[in-house]
Amino acid sequence: MKAKSISDYTVCSDGWKMLEKARADGVVTVWDRYEGQVPHCNFCEQGLSCRNCAMGPCRISNASESEKHKLGVCGANADVIVARNFGRMVAAGAAAHSDHGRDLVETLHAIATGKTTDYKIRDPEKLQRIAEEIGITTANRGINEVAEAVSETFFSEFGITKGELAFINRAPEQRRELWKKLGVTPRGIDREIVEMMHRTHMGVDNEAVSLLLQALRIALSDGWGGSMIATELSDIIFGTPEPHASFANLAVLKKDQVNILVHGHNPIVSEMILAAVEDPELLALAKAKGAAGINLAGLCCTGNELLMRQGVPMAGNHLMTELALVTGAVEMVVVDYQCIMPGIVQVADCYHTKIITTSPKAHFAGAEHVEFNVGNAKENAGKLVRMAVENYARRNASRVEIPGVPVSQISGFSNETLLKALGGSLDPLIEAIKTGSIRGAVGVVGCNNPKIKHDHGHTTLARELIKRDILVLDTGCASVALAKDGLKTLEAVELAGSGLAGVCRALGIPPVLHVGSCVDNSRIIHLCGLLAKALNVDISALPVAAAAPEWYSEKALSIGLYAVGSGIFTVLGPTPAITGSKTVTDMALSGLENVVGACFAVEPDPAKAAVLIDQKIREKRGALGLTA
Ligand code: SF4
Ligand code: SF4
């Protein structure tokens, strides 16, 4: 077999340079570790292994000649084992998003009750709007009183004190009726997750379809619950995003400055670090230490949060996180939680970089832990930036290499901004869809995965879609890939079909709109809900789709399932571990269509995925009586 070259791993030129440097510096990266794991276990790849009890672990095979190898020790067959494993993955993904949302509810409550002065409400108008939407009286009430009532309502969404989640009403009536009929309307967010852990204990729910419906219910509680709460409260506390010009790729690091990276998901920590790097006293200290300034850049979704609201440049996505340290120019990485590879601690050890963990939920062996809470956030952010400045002296200039030049991007397209750009109403967008100038819209979202050439899936798919007059909305690590590819500039309209290009030129927007982090996929389903209501149809009738061409995370499975459960056709790149069960696979790839009006497709080739999506959009347009 031909040996792999650097360009087989990633499409990014900054990635090529840093992979070469990593090899020269003796650094082991995620791709090296991946190669150490292949071939993966065939049972696990198909979802046919189970560790749910101490009679196991079991691994079963329908292909086995012996009957006794077709069932686990308890008698569970392939359908049950695959569905249980899938259900637990969705539960874990939804738990991660929703627990992030809960942290924001706690922060809002702390602001409202005076337990913190480090955080403020930056968008009181949105607070008012959300309060009224969820039935809280705002008349003659002060901002803190309203914030307290909002946070208490959202606290209750996690438990079981209410019948349904408040934001469910954002879905059109047809969809809500369908959920009710199927018995999947989410109740409390935590309740759905706990119930899946209960059902998947040995000897509880032993029927694949029943388990899949509960997985669907959990996913809906994530999309229309935990994630949506996280998005809306982040906007209230840190400001609703508006378009910002910024930059992307490793060249946003500065050779002559103290470089600090924030990595993880929750803006509660990263927003405080941003405030601290602007502190004149710390800037003066940096100068005294010989640096020209303090440079803050983002990685992954906490980077997306800062980019969307503050225009902070983005250094890279999931598979670039280790390579960012290989530049030798990073003084500190401040992390909160989720998607932070433990491997970065070993990579940091090869340089002078300090890894700082901040969440009581996320400790890393070998990293320094400085815990953030609402009472000490400002103080600790200052302390960390000071540590980073002090660490600048330990940088070895001869080992520094920052590749390339930064690529421009425009970010910050919240639904509020989009509505504003459209003149306050969705009508111009609906008109553009009706005339076919915009044939449809697709959320290109999700992670990187070393099983797929880094960023190839995202960039190829997005280019193919905009060429076909399909607007792309992106979030998460996909959004970093598309920014680095130059697709979030006004010049990128040249790559779009003539209809989409015309609309983008008229509105002054790129053909790929950055709508945020992973939890902000809730902005996309909310927008779908608004469009469906305006057209008086179900979401499943809209010419829209979703794709996660390089997903890896359990969170991405939850997102994919809530998209499908909301009526949105969703294409996955890597195959989920369900192929060991024909029942579960058939359900995911076609059966769900009859149940919720949408299903999954799996297509690792992004050009072929674009064709699948194009066909689906043609079908939807035809059913609405629109030209294909
Ligand atoms: S729950 Fe059943 S299949 Fe799973 S490990 Fe226990 S005995 Fe094996
Ligand atoms: S897109 Fe995936 S890898 Fe990236 S931050 Fe989100 S969950 Fe993590």
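Remember, it's 1-based here, ligands and their atoms both numbered in the order they're listed.
- Protein N/O/S atoms found under 2.8 Å from atom 8 (Fe) of ligand 1, listed by chain and residue number: Cys58 SG.
- Contacts of Gln310 classified as side-chain hydrogen bond (donor to acceptor under 3.5 Å, both in side chains), with partners at least two apart in sequence or in another chain: Glu271.
- Taking 4.0 Å as the cut-off between side-chain N and carboxylate O, Arg102 and Glu106 do not count as a salt-bridged pair.
- Between His100 and His265, the ring planes lie perpendicular to each other; the angle is over 60°, past the 30° to 60° tilted range.
- Below 4.0 Å from some heavy atom of Arg84 lie the following atoms of ligand 1, by number and element: 1 (S), 2 (Fe), 3 (S), 4 (Fe).
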Residues 55-62, side-chain donor-acceptor partners within the protein, below 3.5 Å, at least two apart:
unit_1	atom_1	unit_2	atom_2	d
Ser61	OG	Ala63	N	3.1
Ser61	OG	Ser64	N	3.3

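- No donor-acceptor pair closer than 3.5 Å links the side chain of Glu371 to the backbone N or O of Thr358.
- With Asn521 contributing its side chain and Cys518 its backbone, the two residues share a donor-acceptor pair below 3.5 Å.
- The CG atom of Leu253 sits 5.5 Å away from the CG atom of Leu261 when rounded to the nearest 0.5 Å.
- To the nearest 0.5 Å, atom CD1 of residue Ile356 and atom CD1 of residue Ile273 are 9.0 Å apart.
- Inside a sphere of radius 2.8 Å centred on atom 8 (Fe) of ligand 2, the protein N/O/S atoms present are Cys339 SG.
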(Q) Could you go through Thr10 and Trp31, starting from their C-alpha distance and side-chain angles, then the distance that decides it, and tell me whether this counts as side chain to side chain donor-acceptor pair (under 3.5 Å)? (A) CA-CA 10 Å; Thr10 172; Trp31 285 281; over 6 Å; no
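- To the nearest 0.5 Å, atom CD of residue Glu242 and atom OG of residue Ser411 are 12.0 Å apart.
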